[in-house]
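Scroll down for the structure; my scribbles are underneath it.
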Amino acid sequence: MAETWLNETLYPDWGQRFLVTRELARVKSDFQDVVVFESSSHGRVLVLDGVIQITERDEFVYQEMLTHVPLLAHPCAKRVLIIGAGDGGVLRRVLQHETVEKAVMVEIDGAVIELSKQYLPNIAGDAWNDPRAEVIVGDGIDYVLKAADGSFDVIIVDSTDPIGVGEVLFTDEFYSNCARILSDEGLIVNQCGVPFMQADELHETSLRRAKFFPHVGAYVAAVPTYVGGFMTLGVASKGQAPNTQTVEQIRTRADAAKIVGTTRYWTPEIHVGAFNLPPYIAEHLPKTGK
């Protein structure tokens, strides 16, 4: 029998491919093409519109850094809004923080949630059933527009790149409303692409957020299946600049949240060090960014 390979289509002139041992699902939802397959090298893989989103083998890197860094950069994050992240991995990590009282997740594509529950159950674990979690299939833009002022401490945006269904999550109006619904020391974080290939994402997103937040920056995570080197996670804060905490401060907060010893990538040292950017990445941040 001939081998079947999936070729990622993120870039027209560079990419990666996976040997497919079994295709588990292929669905055309109202918003995107969703594929879940079993690979020989990375376990099960979620693909949206031809672009690798999550693999079982390395999902912990992205999920831990997208979640633990903003929640611990905040002095006491209790109310968290997640936009996107339909696989449930971010929700799971948010709820690992015993200090979190409420986590609202708004995912526009219900098919991603259902397929993840069915074929990628280990990524979310028991998060779907946690009483602190509210999972909404709906439009994150609309939710942010209608949410009350100061109603969240941290907003985590786990979206696709700013094309197609994810494009509206990178606008001035969206960031303005995010700033409004965040508490006085609130933070927002979202993926800003792999700057070796997608530097414009970090540059343009940071400029937009700088209109509404006093502190704008980024940190990095090395995710093997996000081809091209470091993935940047853009962060903006209304309170203290998120790159100013010490390892000791982060460790104290992590101890209170009961996450020390539960991670495979994040540590207090990695947390602090991730804000030390190579010049080829830092040059795309606003000159006034902290």
Side-chain angles (χ1 to χ4, degrees), residues 42-44 46 53-82 85 87-105 116-117 120-133 135 152-158 185-191 217-226 230-233 235 237 239-277:
H42 288 67
R44 294 185 175 187
L46 173 66
Q53 302 297 313
I54 288 293
T55 82
E56 286 184 317
R57 186 173 180 191
D58 70 357
E59 57 87 23
F60 67 92
V61 180
Y62 179 68
Q63 315 272 31
E64 289 180 9
M65 291 299 282
L66 187 63
T67 303
H68 297 324
V69 172
L71 263 63
L72 294 170
H74 190 284
C76 186
K78 296 180 178 180
R79 303 159 299 162
V80 181
L81 173 62
I82 305 163
D87 55 78
V90 171
L91 182 64
R92 172 187 163 196
R93 267 67 179 205
V94 167
L95 294 170
Q96 284 180 334
H97 290 246
E98 294 189 5
T99 45
V100 168
E101 298 173 355
K102 181 73 173 177
V104 179
M105 173 181 154
S116 296
K117 286 180 176 179
L120 300 162
N122 293 331
I123 288 181
D126 296 327
W128 303 118
N129 303 314
D130 193 300
R132 294 173 293 162
V135 178
F152 291 98
D153 300 311
V154 172
I155 299 174
I156 299 173
V157 184
D158 182 18
E185 296 184 274
L187 298 95
I188 180 172
V189 63
N190 63 289
Q191 69 90 359
Y219 59 99
V220 292
V223 187
T225 47
Y226 297 159
F230 283 122
M231 160 67 72
T232 49
L233 301 164
V235 62
S237 173
Q240 183 181 4
N243 64 338
T244 55
Q245 288 94 13
T246 65
V247 170
E248 290 73 24
Q249 286 175 313
I250 296 300
R251 191 184 310 280
T252 298
R253 293 176 183 178
D255 280 334
K258 300 291 196 297
I259 67 158
V260 173
T262 70
T263 61
R264 296 185 62 208
Y265 186 92
W266 181 94
T267 66
E269 291 80 9
I270 290 290
H271 178 125
V272 172
F275 285 95
N276 295 310
L277 303 177

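Values below: all heavy atoms of this structure, side chains included; hydrogens, waters and symmetry mates excluded. All values derive from a computational prediction rather than experimental measurement.
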Distance from [X] atom [atom1] to [Y] atom [atom2], nearest 0.5 Å?
X: Q240; Y: H74; atom1: CD; atom2: NE2; answer: 11.0 Å
X: L81; Y: K102; atom1: CG; atom2: NZ; answer: 11.5 Å
X: T262; Y: Q96; atom1: OG1; atom2: CD; answer: 4.5 Å
X: T252; Y: Q245; atom1: OG1; atom2: CD; answer: 11.5 Å
X: E101; Y: C76; atom1: CD; atom2: SG; answer: 7.5 Å
X: F275; Y: T244; atom1: CZ; atom2: OG1; answer: 9.0 Å

Checklist entry - Given V272 and T246, is the side-chain contact (heavy atoms from CB on, under 4.5 Å) satisfied, shown in steps? => result CA-CA 7 Å; V272 172; T246 65; 6.0 Å; no

Would you indicate whether the side-chain heavy atoms of [Y] and [X] approach each other to under 4.5 Å?
X: V61; Y: Y226; answer: no
X: Y62; Y: Q191; answer: yes
X: L233; Y: V69; answer: no
X: L120; Y: I54; answer: no
X: V80; Y: T67; answer: no
X: R93; Y: F60; answer: yes
X: R253; Y: P75; answer: yes
X: I259; Y: L72; answer: yes

When you look at [atom1] of [X], are more than 12 heavy atoms from neighbouring residues, nucleotides or ligands closer to it than 6.0 Å?
X: K78; atom1: NZ; result: no
X: D255; atom1: CG; result: yes
X: R57; atom1: CZ; result: no

For the side chain of [X] and the backbone of [Y], is there at least one donor-acceptor N/O pair under 3.5 Å apart?
X: R264; Y: D58; result: no
X: Y219; Y: N276; result: no
X: T263; Y: Y265; result: no

Next on the checklist: As a quick check of understanding, evaluate side-chain contact (heavy atoms from CB on, under 4.5 Å) for I270 and M65, giving each step before the final call.
Outcome noted: CA-CA 9 Å; I270 290 290; M65 291 299 282; 4.0 Å; yes

Grab the two heavy atoms, one from [X] and one from [Y], that are nearest each other, plus how far apart they are.
X: A127; Y: A133; result: O-CB, 3.9 Å
X: L187; Y: P242; result: CD2-CB, 3.8 Å
X: R251; Y: P268; result: NH1-CG, 3.8 Å
X: P70; Y: V189; result: CG-CG1, 3.6 Å
X: A256; Y: T99; result: O-CG2, 3.9 Å
X: D130; Y: L95; result: CB-CD1, 3.5 Å

Checklist entry - What pairs with D153 under salt bridge (charged side-chain N to carboxylate O under 4.0 Å, His left out), at least two apart in sequence or on another chain? => result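 Checked D153 against salt bridge (charged side-chain N to carboxylate O under 4.0 Å, His left out); matches are R79.
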
Checklist entry - Are E59 and R44 close enough for a salt bridge, meaning some N to O gap below 4.0 Å? => result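 Salt bridge between E59 and R44, a charged N being under 4.0 Å from a carboxylate O: no.
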
Item to check | Worked verdict on H42 versus T225 for side-chain contact (heavy atoms from CB on, under 4.5 Å) | outcome: CA-CA 9 Å; H42 288 67; T225 47; 3.4 Å; yes

Item to check | Plane angle bin for H68 and W266 - parallel if under 30°, tilted between 30 and 60°, otherwise perpendicular | outcome: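 Perpendicular.
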
